Colleague: 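There's a structure below that I have some questions on.
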Protein chains: 2
Amino acid sequence: MKKPQKTKPDGQSETSAEPANKPANKKISKGQKTRQQLIEVAASLFQKQGFHATGIFDIAEAGNLPKGSIYYHFPGGKEEIGAAAVAFAGAQIAKALEEVAGKAKDPADLMTKAAALLGDILVESDFQGGCPVCLVALEVAGKVEPIRQSALEAYARWQAIIEKQLCLFGMEKKKAAAQAELAIAAIEGALILSQVQRSPAPLRRLARQLTLSLA
Amino acid sequence: MKKPQKTKPDGQSETSAEPANKPANKKISKGQKTRQQLIEVAASLFQKQGFHATGIFDIAEAGNLPKGSIYYHFPGGKEEIGAAAVAFAGAQIAKALEEVAGKAKDPADLMTKAAALLGDILVESDFQGGCPVCLVALEVAGKVEPIRQSALEAYARWQAIIEKQLCLFGMEKKKAAAQAELAIAAIEGALILSQVQRSPAPLRRLARQLTLSLA
DNA sequence: CACCTTTTAGAACAGCCGATCTATTATGGG
DNA sequence: CCCATAATAGATCGGCTGTTCTAAAAGGTG
């Protein structure tokens with residue numbers, strides 16, 4: 001009764017914000033650009049500081065973006081930004097993973113390259129930020145369903161990419177699925193070890209060990 | 001100059017709070033018991049809600065413990081409690097891991113039992129809480145050194161336990177170390193997947209996959 | 001240019017949280 | 001039983017945070 005549909009945005013709300021395939025991007029109405037930038041900066045901050053430690057205005061400040069319009073673009077507040085940020089980060093990594101997978105020569109090479117991909121994130125941030133999906137997901141997995149869903153999709157997509165590529169290498173589907181899940185789990189875990197140890201060594205050693213499990 | 005050493009406690013501060021080997025535990029001066037209980041409740045809450053989402057007084061409240069004495073037992077505030085809680089949780093899991101390792105019949109059995117151990121934590125909390133070390137460590141790894149150290153020690157100890165047991169099974173030391181690290185990483189990663197998916201399946205599948213990598 | 005829409009600035013609010021301090025009560029050794 | 005000390009209650013302070021609201025500015029379309 002109190003909602004005269006003031007032409008608010010929110011677009012198709014939920015998990016959007018993917019740097020994906022949109023061939024006919026006619027016009028990005030300034031505001032939508034701001035929205036996208038907010039998501040990207042948020043993803044970066046969440047990755048380094050986590051969800052709860054990141055103030056909602058820190059996001060705008062860190063990206064020199066209009067603070068006044070945060071709640072205009074994200075009526076759902078912090079949680080909506082969180083869900084969008086996790087979805088974006090997940091899609092970003094998925095994209096990179098697809099590129100890397102295409103270049104891999106064999107299963108072992110794929111494992112190594114995938115591990116190196118996540119490892120680069122760590123080194124680039126000087127071990128300040130790990131997996132952007134993991135941290136936020138664990139912080140609020142029990143309370144904010146949309147964020148949990150975003151994380152769920154991200155992991156599923158990563159796994160599907162690896163699985164598909166393993167199949168292309170001739171591995172049977174069932175084995176490929178199991179190996180892909182092992183790879184995702186092991187890399188995520190090693191990422192944690194590397195971040196805590198502040199050394200890329202665990203991740204590197206794991207990559208090697210992962211290739212040995214391909215027998 | 002402002003510290004007339006009012007006989008404050010703080011004991012041997014830093015990372016204490018281990019349910020370890022103290023044969024001659026003469027008397028636990030009421031206060032020390034409270035301190036220990038605070039640590040245990042804190043570990044439980046941090047595991048479910050994370051570090052930043054847990055108020056310092058929630059801890060006392062959740063355990064029906066004296067709120068007024070939190071800063072008496074932990075002059076270092078929340079960060080000191082965090083470090084103690086991570087150390088405690090790490091030691092607790094290490095203890096359970098040692099028991100389980102002793103009962104394992106072979107390397108494959110060890111992998112399965114280790115994974116099941118962590119998995120039980122998940123199920124017991126109805127998928128609300130995962131690895132108590134991991135979450136807190138990731139949240140503050142870049143800012144609070146003592147907590148990072150506690151996490152570091154926990155992971156190292158877990159790995160050492162598995163490595164040692166693998167050696168007892170006849171595996172050569174170098175290979176055992178690598179396999180142990182893979183196991184820890186993979187289990188931690190699968191724990192995340194299981195928590196996000198709210199299903200023990202990823203962890204179970206990973207356990208099986210881990211045994212296959214023992215070839 | 002005029003006008004409606006989109007977008008933004010900025011203040012204001014309410015609530016919570018971590019930390020500190022003082023006064024009070026419990027504890028336990030002599 | 002006494003008393004120093006350990007332990008706790010409770011109030012308080014300062015600061016920060018997420019959210020809402022209103023008015024103003026910017027945008028772009030006819």
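Here the structure is a predicted model, which is why all the values come from computation and not from measurement. Letters A, B, ... mirror the listed sequences (proteins, then strands); counts begin at 1.
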Colleague: If you apply the rule side-chain contact (heavy atoms from CB on, under 4.5 Å), what do you find for A:Leu206 with B:Leu182, and how did you get there?
Modeller: CA-CA 6 Å; A:Leu206 171 112; B:Leu182 169 63; 3.5 Å; yes
Colleague: Any side-chain N or O of A:His73 below 4.0 angstrom from OP1/OP2 of C:dT8?
Modeller: yes
Colleague: Between D:dT8, C:dG18, D:dG18, spot the one nearest the side chain of B:Ile56, thanks.
Modeller: C:dG18
Colleague: Taking the nucleotide of DNA chain D with the nearest heavy atom to each, does A:Gly68 or A:Phe51 sit closer to the 5' end?
Modeller: A:Phe51
Colleague: Expressed as a whole number of angstroms, how long is the span from A:Ile70:CD1 to C:dG10:C1'?
Modeller: 13 Å
Colleague: Under 4.0 Å between a side-chain N or O of A:Tyr71 and OP1 or OP2 of D:dT20?
Modeller: no
Colleague: B:Lys33 has an atom NZ; how far is it from atom P of C:dT27, in whole Å?
Modeller: 11 Å
Colleague: Look at B:Lys67 and D:dA9 and indicate whether a side-chain polar atom (N or O) is within less than 4.0 Å of OP1 or OP2.
Modeller: no
Colleague: Decide whether B:Glu40 and B:Gln36 meet the rule of one side-chain donor and one side-chain acceptor closer than 3.5 Å.
Modeller: yes
Colleague: Give a yes/no on whether any side-chain N or O of B:Tyr72 is located under 4.0 angstrom from OP1 or OP2 of D:dT8.
Modeller: no
Colleague: Less than 4.0 Å between a side-chain N and a carboxylate O, is that true for B:Glu145 and B:Arg148?
Modeller: yes
Colleague: Taking atom types as modelled, find out whether A:Gln197 and B:Tyr155 have a side-chain donor-acceptor pair closer than 3.5 angstrom.
Modeller: no
Colleague: In whole angstrom, what separates A:Leu65's CG from C:dT8's P?
Modeller: 9 Å
Colleague: Crowded around A:Lys164 NZ? As in, over 12 foreign heavy atoms under 6.0 Å?
Modeller: no
Colleague: Does the side chain of B:Ser69 get closer than 4.0 angstrom to OP1 or OP2 of D:dT8 through an N or O atom?
Modeller: yes
Colleague: Using whole Å, report how far CD of A:Gln32 lies from C1' of D:dG28.
Modeller: 16 Å
Colleague: Could you state the atom-to-atom distance from CG of A:Asp58 to P of D:dT17 in whole Å?
Modeller: 6 Å
Colleague: C:dC16 C1' sits how many Å from B:Phe57 CZ, rounded?
Modeller: 12 Å
Colleague: In this structure, how many angstroms lie between the C1' atom of C:dG10 and the CD atom of A:Glu61, rounded?
Modeller: 14 Å
Colleague: Just the rounded figure in Å: distance from P of C:dA9 to CG of A:Asn64.
Modeller: 11 Å
